[in-house]
Amino acid sequence: MRRAALIAALALLLAATALSATPVTRAQSLAHGDTTGALRDSVAPVRINRPLQGIVLTWEGGRLVRLAGAHIGTGETALQTDATGRFSIPASIRTDRLNVVAPGYAVVRRTTTADYAVVLMRPLAEVRAIYVPYAQLDRPEVLDWVLGLARSRVITSVVLDMKDDSGQVHPLFATDLARQAGSVKPLPTDIDGFLRDLDALGIYTIARVVTFRDSLFGRANPADAILTHGGEVMRDIQGLVWTNPFSETARRYNVEIAAEIAKRFDEVQFDYVRFPADADVAVRSATTSEERSAIIGRFLAEAATAIHAQGAAIAADTFGQTTLIEHDDGIGQVLEFMAPELDYYSPMVYPSTWTTGWFGLPYPPSDPYRVVLESVRTAVERMSTLGNVVVRPWLQDFHDYQEQSLPYGAAEVRLQIEAAAEAGGQGFMLWDPSLQYQLGVLAELAP
């Protein structure tokens with residue numbers, strides 16, 4: 001009955017707009033989940049010297065509901081729907097692109113030359129994702145394995161490195177600055193075709209972008225790197241260089257790469273969007289916590305406009321402890337500064353990253369349910385007061401590396417997934433760069 005009511009409501013909507021010669025744009029075909037209209041190429045937007053007005057709706061509780069605060073992209077810039085779900089794109093910035101992003105909904109990418117559009121947003125299926133690092137993407141058998149998991153619906157999403165921990169950038173998303181820095185590292189596999197296959201299967205694609213931890217760009221551009229108190233380019237405990245968030249060039253570099261990635265992915269997730277935690281960092285003693293947090297927020301604001309313009313969502317991850325603490329801990333991550341720019345917040349709540357005493361536990365990795373429940377619940381509560389942000393956590397699918405070296409298998413992963421859902425998280429992502437995932441647990445969740 002609900003499906004019949006939805007089709008009847010849309011029929012009325014289509015009839016009404018037909019009378020005024022104003023076409024409807026839909027996120028998906030109701031009958032078959034068709035995505036053939038999705039824009040996944042890099043053709044430049046075409047200017048249209050007329051304004052575009054419209055409304056963004058969703059189906060909720062048996063009726064059509066207007067979506068306030070949805071991001072409307074033109075391929076070049078972005079704006080938002082008002083409190084009534086309406087938007088107006090002036091002729092001065094109008095193109096033939098109509099991209100719509102709202103947290104918790106499937107992204108919409110369309111071309112239109114009409115002067116009015118009605119966009120019906122489809123709720124995003126629960127994200128059950130695994131992570132695949134850049135170094136694994138050069139193996140055809142890994143790509144085939146991921147596609148197999150997608151076809152069987154064991155996963156509904158995948159996180160792929162497109163800019164990794166060293167600063168390597170895939171050629172599909174190379175910018176002039178990346179080429180000049182020697183950061184463009186090709187893979188022998190057909191990532192373009194792989195992404196098209198994932199899209200055809202309805203898989204929600206997330207690009208991981210390691211942001212300010214970037215040896216390749218930092219070494220090539222020392223003026224934009226983090227320095228020690230002695231004035232030398234700082235290297236962290238793993239010998240990697242970081243770029244400085246206060247550098248406009250470093251911020252622009254990452255924004256431009258993210259904008260290219262956003263043309264092909266559903267979501268761009270920033271990792272290491274912070275200052276290094278090392279003590280010997282000159283910029284830390286020269287700035288305040290508020291200044292550091294504000295510049296991270298500024299970067300995310302710059303990136304959000306560029307990403308939303310292309311019709312992708314923006315996300316960021318943080319240490320799990322950031323969900324609870326209210327100061328920047330020297331690294332510039334405070335949720336109150338970050339949240340207003342995000343669609344998704346993904347705290348890394350891995351139990352093995354919590355030390356003795358957190359949540360009153362003598363050894364947090366021994367109680368993965370409690371760690372995830374408390375940290376995700378706090379994140380959800382804080383985000384509820386900071387804007388329309390969906391919390392989707394990173395969970396641990398690797399063995400404990402603290403003193404007791406506890407094995408983490410199906411039971412521990414299952415407990416984390418259950419805790420995240422109970423705490424109000426929407427979906428989850430599993431982390432294991434070795435790809436030894438507990439696929440049996442994911443299969444239990446598949447339809």
Side-chain angles (χ1 to χ4, degrees), residues 129-139 142 146 158-175 177-179 181-187 189 191 205-222 224-227 233-245 247 250-251 253-258 260-261 265 267-278 281 296 299-300 303 314-320 322 331-333 346-350 352-353 394-398 401 429-437:
I130 60 171
Y131 161 68
V132 182
Y134 201 87
Q136 297 280 9
L137 293 174
D138 67 356
R139 299 169 59 196
V142 169
V146 172
V158 63
V159 185
L160 307 173
D161 273 347
M162 287 296 114
K163 179 173 182 274
D164 74 0
D165 296 64
S166 69
Q168 294 182 118
V169 179
H170 193 277
L172 284 175
F173 312 113
T175 62
L177 281 175
R179 282 185 282 266
S183 300
V184 182
K185 302 296 181 181
L187 294 173
T189 47
I191 297 300
T205 51
I206 303 172
R208 176 175 177 257
V209 175
V210 178
T211 315
F212 297 113
R213 192 188 201 191
D214 190 334
S215 284
L216 293 173
F217 189 78
R219 286 200 303 262
N221 300 272
D224 302 301
I226 293 283
L227 304 179
V233 172
M234 187 220 74
R235 294 179 181 274
D236 64 18
I237 193 170
Q238 293 180 311
L240 297 176
V241 174
W242 291 61
T243 57
N244 192 342
S247 162
R251 295 198 310 275
Y253 175 67
N254 283 286
V255 169
E256 289 178 351
I257 291 171
E260 291 300 314
I261 292 171
F265 281 78
E267 177 180 318
V268 177
Q269 183 179 125
F270 292 107
D271 197 0
Y272 291 91
V273 56
R274 60 179 176 86
F275 292 84
D278 303 68
V281 176
I296 295 300
F299 165 76
L300 291 173
I314 178 174
D317 58 39
T318 70
F319 291 124
T322 304
I331 63 174
Q333 287 186 333
S346 297
M348 301 176 291
V349 294
Y350 314 133
S352 287
T353 63
W394 279 102
L395 304 180
Q396 178 174 336
D397 197 352
F398 53 87
Y401 53 73
M429 297 165 293
L430 298 182
W431 179 273
D432 181 10
S434 72
L435 306 185
Q436 300 300 307
Y437 290 106

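For the numbers below, each heavy atom of this structure counts, side chains included, while hydrogens, waters and symmetry mates do not. Nothing fancy with the numbering, it's 1 onward along the sequence.
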Legend entry - Results of salt bridge (Lys or Arg N to Asp or Glu O under 4.0 Å) for R213 - residues two or more places apart only: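 For R213 the salt bridge (Lys or Arg N to Asp or Glu O under 4.0 Å) partners, ignoring immediate neighbours, are D165, D236.
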Legend entry - Sequence-distant partners of D271, salt bridge (Lys or Arg N to Asp or Glu O under 4.0 Å), two or more places apart: R208
Legend entry - Sidechain-backbone polar pair: E260 side chain, A174 backbone, donor-acceptor under 3.5 Å: no
Inset, instruction - Look only at the side chain of S215 and the backbone of L240, and say whether a donor-acceptor pair between them is shorter than 3.5 Å. - result: no
Among all residues two or more places apart in sequence or in another chain, which pass the side-chain contact (heavy atoms from CB on, under 4.5 Å) test with [X]?
| X | value |
| --- | --- |
| A129 | V127, S157, V159, M429 |
| D138 | L187, P188 |
| S352 | P365, Q396, D400, Y401 |
| Q168 | Y134, D164, S166, K185, L216 |

Identify, with sequence neighbours excluded, every residue that meets side-chain hydrogen bond (donor to acceptor under 3.5 Å, both in side chains) alongside [X].
| X | answer |
| --- | --- |
| S183 | Y253 |
| T318 | Y345 |
| Q136 | R139 |

Would you please name every residue forming a ring-ring contact (aromatic ring centres under 6.0 Å, His included) with [X], sequence neighbours left out?
| X | value |
| --- | --- |
| Y131 | W431 |
| F319 | none |
| F270 | F299 |

Inset, instruction - For residues V233 and V241, report the shortest heavy-atom separation together with the two atoms involved. - result: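 In this case the closest contact between V233 and V241 is CG1-CG1, 3.6 Å.
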